[in-house]
Amino acid sequence: MTLITHPNITDADGFYARLLAAHQGLSEAESQRLNARLVLILANHVGDDAALEEALKLAKAAGQS
Amino acid sequence: MPYDYKPFPYHSPPGLDAAEPRHGVVIVGAGPVGLALALELARHDQPSVVLDDNDVVSVGSRAICWSKRSLEIFDRLGIAEKALAKGVTWQVGRTFHGDREVFNFDLLPEAGHKMPAFINLQQYYVEQFLAEVALAHPLIDLRFKNRVTAVEQNANRAILDIETPEGAYALEAGYVVACDGARSPLRQMLHLDFAGELFEERFLIADIEMQGDFPSERHFWFEPPFHNGQSALLHKQPDNIYRIDLQLGWEADPEVEKQPEIVIPRIEKVVGHSDFRLDWVSVYTFQCRRLESFVQGRVIFAGDSAHVVSPFGARGGNSGLQDVDALGWRLAAIAQGRADAGLLAAYDAERAFAADENILNSSRATRFMTPADGVERMFRDEVLNLAGHADFARPMANSGRLSRPCSYPLDAPDDAALPPVSRPGTVAPDAPQGNGWLIDALGRECLVMAIGGEAPDLGLPILRAEVNDTLRARYLGEAPCALYLIRPDQVIAARWQKATTVQIEAAHQAIWTAP
């Protein structure tokens, strides 16, 4: 398995809204902690080493430009 | 009962009166590694002199967790029965966050091994048992209160200057093995760089004696209610002695923290009462370092003198014994002219690989236990938080990954159809054989184990294994037959389903050839 980078969420707008809703009312620190838990949960779901490695690279690269 | 430290006798070394003949091997340091090496060399008919600056065993429990592999090595050296009888056998570890258990493991070994997964036994007992055998052994010349003050070497030999209560003398040695511990004086005399990572973290380590019904388990706490925001470990040892480790933080002053009036109130909080006796206290700094090369001409390093790791993985004492495993048979063969000195490069390569593996595991555990402020701490805390809600996060809670024998990356004949647990480079897994054990039939000279078929004509001993379910699962899998070439350190050197004499001879040659 390699990282899926094409659109893969059926209702992307809906997910985006729920992500923001999950952060609603949280302090900056609480939001960061929520994100950390999400990363860990989703990373475990992906599982595959190569896909996770690609995800790390993509996230890092996108932050540099 | 506190341990009774009886001094070993000092005898005048012959070198004080007249120059001694050259010794094949001189070992510096009569700790677990030095003594085990002397006994292992003796098993291969190689005499040695062992020098120690002191005349008592280790003060304080120090290394307490001995792995299955170490017990197998002890068994070859003749002390496993004593160690097992005295030690606390344990297999359950529990990890807590606050007062909540987040993770536990059961090391319950699969059936069909002679030795258990781990025992806890204070280092002073291990040293005592090893020293008793060594003192009685005709090939071992164990000299207490003999302190090495200088070393010099050329291509053919090393010379040690030694101080005793009665004066100084010198010894000439074919090889010197420095088993003189983490602060190795020999390493300093040779001005060798001990490179690696120092973690800005200190732990208090204490042995207490108390009557209690605490189970024979390893308990580790992240942020326990009794030790504000820090980590703690509680582990049982024989004689009603308990090991307690408490994280102190980098600002702590070791000398102050060691004072009983500071230590005792901390421990009262851990155990919940004051009905105990403080036996030993020490403070250590987390670090992971190693020598770039463990072979420095005629001086060889083994154990803590060669590499140190942060604790909580039982990787100090156990890895030192695995150094002995990898060195003994090779050094004996070199000292006896049966192998070329270049073979030491194989010891260096294998144990450097193992040291890196240990350092990697220890560094990761250390970072988890003592995260840097900021994002590192946040991820650590959220792993612990999630561990209370989802299975996947539980094994991520890293309170130390316990020592397992290294599997060396050998470039050797292999057959992928045979089970992974016995691939070349790994220690031969044990299995029942008749009324005994496979491990007992291995470990002196190189041999070929023939399973379910015959071995071709060879100049090597052949072990015809009894095929039972355990042996089949560990060595055959679906294959009908197999041949395993096994080294003197019980490590599998090569394996085939079928092989010719020429193939096996080539693999046997490779065992004795530098990498």
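Lettering of chains follows the sequences in order, A, B, ..., and the numbering in each one begins at 1. Not measured: the values here are computed from a predicted model.
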Query raised in the report: For B:Arg202, what residues pass the salt bridge (Lys or Arg N to Asp or Glu O under 4.0 Å) criterion, not counting sequence neighbours?
Result: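 Residues passing salt bridge (Lys or Arg N to Asp or Glu O under 4.0 Å) with B:Arg202: none at all.
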Report task. Go through the structure and list residues passing salt bridge (Lys or Arg N to Asp or Glu O under 4.0 Å) with B:Asp323, not counting sequence neighbours. Result -> B:Arg351
Query - Part of A:Ile41 lying under 4.5 Å from any heavy atom of chain B - result: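 Interface part for A:Ile41: both.
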Query - Heavy-atom neighbours of B:Arg94 CZ exceed 12 at 6.0 Å - result: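 Buried by this count: over 12 neighbours within 6.0 Å.
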Report task. Count the heavy atoms belonging to other residues, nucleotides or ligands that lie under 6.0 Å from CZ of B:Arg289, then report whether that count exceeds 12. Result ->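 Correct, the count exceeds 12.
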Report task. Heavy-atom distances under 4.5 Å only: say whether B:Val375 touches chain A with side chain, backbone, both or neither. Result -> neither
Could you list each donor and acceptor atom pair linking chain B to chain A at less than 3.5 Å?
{"unit_1": "B:Glu382", "atom_1": "OE1", "unit_2": "A:Arg37", "atom_2": "NH1", "d": "2.6"}
{"unit_1": "B:Glu382", "atom_1": "OE2", "unit_2": "A:Arg33", "atom_2": "NH1", "d": "2.6"}

Report task. Would you please name every residue forming a side chain to side chain donor-acceptor pair (under 3.5 Å) with B:His227, sequence neighbours left out? Result ->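 Testing B:His227 for side chain to side chain donor-acceptor pair (under 3.5 Å), a comparison that skips the adjacent residues, returns none.
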